[in-house]
Amino acid sequence: MPELPEVETTAVGIAPLLVNQRIKKIVVRNKQLRWPVTDQIESIVKDLIIKTVKRRAKYIVVDLDHGSFLIHLGMSGSLRLISESDILKKHDHVQMYLSNDYVLTYHDPRRFGCWLWSNDDHKLLDSLGPEPLSKSFDGSYLWGLSKGRKLSVKAFIMDSKIVVGVGNIYANEALFSSGIRPNRHAGRISLKRYELLAKNIKSILTAAIKQGGTTLRDFTNGRGEPGYFEQSLNVYGRAGEKCLNCASILREIRLGQRSSVFCMSCQQ
DNA sequence: CTTTCAGCCTGACGGC
DNA sequence: TGCCGTCAGGCTGAAA
């Protein structure tokens, strides 16, 4: 599933072919996504100009000269740039035809994503916490907000009001690297350990983004479909297997409806 | 206020 | 071979 690094790579990858283009038309083939695609979007955005393309959390924000799109890839979404004569695939739900003759095509089998237009601020961005790679996100920030919180530290760092973009894979991995057991109460972890955790979240995400830059998918030949990065995973998806550090058998529990894998011996 | 959890959806996978 | 049940997962909004 698209995690923050995939969304970042997508935004960076498509931006050069979108910015300053005019929208010739939009075709919505299935508007039933996580939320219905904005009504009348076809007529609203015709002939508008794309100003910028950027990422916020796991959203892609496409600013127009009137309003903006908020795109989310959900669990199974992807964007690719194709030509008008290319053959569509099953689950290609939205297409944006550009004046440079490319067609930005949104593909999403599970339809957990969204494609919303607004001429104002998008409400979904209202209560988001800081970007994990920003300066304002660090150990003391996490520690400060964790006071009195009884939920698990894993659920805590996956809460987008606390910090955005830390999905299940990276939460599991960052907690392993930090030697923190995922079910520990958020409010009972020391500043020192939060500093290590914040540092590891940053380094894991940075490495994945960098890998995305080098793997550099080609968004213009129809291969926008990921192709998620080869991830070196220590715990995620490895329940029942040996810890790569100490050879103990990795355990799996569920926290906040998500599978959480950890090493009883390396994570306390 | 905090915390939990249903629900959205399809494809992959295991059992028979 | 195919059918069926189960699971995965980000995120919001309602319930507890």
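Per chain, numbering begins at 1; letters A, B, ... match sequence-line order.
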**Study point:** Under-4.0 Å side-chain N/O to phosphate OP1/OP2 contact, A/His72 with C/dG10
**Key:** no
Point to revise | OP1 or OP2 of B/dC8 under 4.0 Å from side-chain N/O of A/Arg111 | key: no
Practice item. Determine the contact category for A/Tyr59: base if any of its heavy atoms lies under 4.0 Å from a base atom, sugar-phosphate if only primed atoms, P, OP1 or OP2 are that close, otherwise nothing. Key: sugar-phosphate
Review point. Which part of the nucleic acid, if any, lies within reach of A/Arg258 when heavy atoms closer than 4.0 Å are counted: base, sugar-phosphate only, or nothing?
Key: base
Per [X] side chain, nearest of listed nucleotides [options]:
{"X": "A/Lys150", "options": "B/dT10, B/dT3, C/dG9", "value": "B/dT3"}
{"X": "A/Tyr236", "options": "B/dT10, B/dT3, C/dA8", "value": "C/dA8"}
{"X": "A/Ser160", "options": "B/dC9, C/dT12, B/dT2", "value": "C/dT12"}
{"X": "A/Gln257", "options": "C/dG9, B/dG7, C/dA8", "value": "B/dG7"}
{"X": "A/Met75", "options": "C/dT12, C/dG10, C/dA8", "value": "C/dG10"}
{"X": "A/Arg110", "options": "C/dG10, C/dT12, B/dG11", "value": "B/dG11"}

Review point. What residue pairs, at least two apart or across chains, pass ring-ring contact (aromatic ring centres under 6.0 Å, His included) with a residue in residues 12-61 of chain A?
Key: A/Tyr59-A/His72
Exercise for review: Check whether any side-chain N or O of A/Gln267 sits under 3.5 Å from a backbone N or O of A/Cys263 as a donor-acceptor pair, and report yes or no.
Suggested key: yes
Exercise for review: Select from A/Arg34 and A/Ala155 the residue whose nearest nucleotide in DNA chain B is closer to the 5' end of that strand.
Suggested key: A/Ala155
Exercise for review: Return the 5'-most residue of the pair A/Lys161, A/Asp108 with respect to DNA chain B, ranking by each residue's nearest nucleotide.
Suggested key: A/Lys161
Point to revise | Cationic N near anionic O, under 4.0 Å, A/Glu84 to A/Lys24 | key: yes
Point to revise | Side-chain ion pair, A/Arg55 and A/Glu131, N-O less than 4.0 Å | key: yes
Taking [atom1] from [X] and [atom2] from [N], how many angstroms apart are they, rounded to a whole number?
{"X": "A/His185", "N": "B/dT3", "atom1": "NE2", "atom2": "C1'", "result": "11 Å"}
{"X": "A/Asp126", "N": "C/dT12", "atom1": "CG", "atom2": "P", "result": "11 Å"}
{"X": "A/Ile162", "N": "C/dC11", "atom1": "CD1", "atom2": "C1'", "result": "15 Å"}
{"X": "A/His91", "N": "B/dT10", "atom1": "NE2", "atom2": "C1'", "result": "7 Å"}
{"X": "A/Leu124", "N": "C/dT12", "atom1": "CG", "atom2": "P", "result": "6 Å"}
{"X": "A/Leu33", "N": "B/dC9", "atom1": "CG", "atom2": "P", "result": "10 Å"}
{"X": "A/Asp159", "N": "B/dC1", "atom1": "CG", "atom2": "P", "result": "14 Å"}
{"X": "A/Arg254", "N": "B/dA6", "atom1": "CZ", "atom2": "P", "result": "11 Å"}

Practice item. Would you kindly check if the NZ (Lys) or CZ (Arg) of A/Lys25 is within the cone defined by 45 degrees around the ring axis of A/Tyr97 and under 6.0 Å from the six-membered ring centre? Key: yes
Scan side-chain atoms only and decide if [X] and [Y] contain a donor-acceptor pair under the 3.5 Å cut-off.
{"X": "A/His122", "Y": "A/Ser68", "result": "yes"}
{"X": "A/Asn183", "Y": "A/Ser152", "result": "no"}
{"X": "A/Asp108", "Y": "A/His93", "result": "no"}

Practice item. Specify the angle, to 10°, made by the local axes at the two ends of the helix from B/dT2-C/dA16 to B/dC16-C/dG2 when five pairs are taken at each end. Key: 50°
